[in-house]
Amino acid sequence: QVQLVESGGGLVQPGGSLRLSCTASGRSFNNGAMGWFRQAPGKEREFVAAIHRLGRSTYYADSVKGRFTISRDNAKNTVYLQMDSLKAEDTAVYYCAAGSGVITSSVRNGAAYNYWGQGTQVTVSS
């Protein structure tokens, strides 16, 4: 069993920055990917970003490309999401996800991930 714990959410003004962290515990896995999804009130969960565990491949939703950066530290079993130039429409609960069987074609599909964190609220407002 894997537990994912997110941190780093909060309230920030438009144009500001936040960094989310997600640490996995329970067991390590060397394949697959870790990613971030978000869900705003009244909307469906959507893909934000993902990174493969072994390689350097990263993936982003068009809405965050150029503003968000995903990175990972495998030694710490941690993935980060640096969010810059935040907009009001980025307001949502952000969820960390991990999956040992995630491949390139499924990286944007939440159903491909086995484990999920509890979520952290990000609010962008003046």
Verdict with supporting geometry, Ser63 and Arg38, side chain to side chain contact (heavy atoms under 4.5 Å, CB included): CA-CA 12 Å; Ser63 59; Arg38 67 187 182 187; 3.5 Å; yes
Can you check side chain to side chain contact (heavy atoms under 4.5 Å, CB included) on Leu4 and Met34, steps first, answer last? CA-CA 10 Å; Leu4 302 178; Met34 293 185 74; 4.2 Å; yes
Walk me through whether Glu89 and Val124 qualify under side chain to side chain contact (heavy atoms under 4.5 Å, CB included). CA-CA 8 Å; Glu89 49 263 45; Val124 184; over 6 Å; no
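A distance of 5.0 Å separates CG of Asp73 from OH of Tyr80, quoted to the nearest 0.5 Å. Rounded to the nearest 0.5 angstrom, Ser25 OG and Gln1 CD are separated by 10.0 Å. Atom SG of Cys96 sits about 9.5 Å away from atom OH of Tyr113, to the nearest 0.5 Å. Interatomic distance, NE2 of His52 versus OG1 of Thr104, reported as 3.5 Å (0.5 Å rounding). Put simply, OG1 on Thr120 and CG on Leu81 are 11.0 Å apart, with the number rounded to the nearest 0.5 Å. Note: Thr58 OG1 to Phe68 CZ = 14.0 Å, rounded to the nearest 0.5 Å.
Closest of all the heavy-atom pairs between Ala24 and Val2 is CB-CG1, 4.1 Å. Pairing each heavy atom of Ser126 with each of Pro14, the nearest pair is N-CD, 3.7 Å. Between Leu20 and Trp36, the closest heavy-atom pair is CB-CH2, 3.6 Å. The minimum heavy-atom distance linking Gln3 with Gly26 is given by the pair OE1-CA, 3.8 Å.
Partners of Ser125 by side-chain contact (heavy atoms from CB on, under 4.5 Å), not counting sequence neighbours, listed by chain and number: Leu11, Thr123. Applying the ring pair (Phe, Tyr, Trp, His ring centres under 6.0 Å) test to Tyr60 and every residue at least two apart in sequence or in another chain returns nothing. For the side-chain contact (heavy atoms from CB on, under 4.5 Å) test, residues two or more places apart in sequence or in another chain that qualify with Arg67 are Val64, Ser85, Lys87, Asp90. In terms of the side chain to side chain donor-acceptor pair (under 3.5 Å) criterion, Gln39 has no residue partners (sequence neighbours excluded). With sequence neighbours excluded, the residues forming a side-chain contact (heavy atoms from CB on, under 4.5 Å) with Asn74 are Arg53, Arg72, listed by chain and number.
Taking a 6.0 Å sphere around CD of Glu44, one finds it holds 12 or fewer heavy atoms contributed by other residues, nucleotides or ligands.
Using a 30° and 60° split on the angle between ring planes, Tyr95 and Trp116 fall in the perpendicular class, above 60°.
Legend: side-chain hydrogen bond (donor to acceptor under 3.5 Å, both in side chains) pairs involving residues 6-20, not counting sequence neighbours, sorted by first then second residue: Glu6-Gln118, Ser17-Asp84.
Tyr59 and Phe47 have their aromatic ring centers separated by at least 6.0 angstrom.
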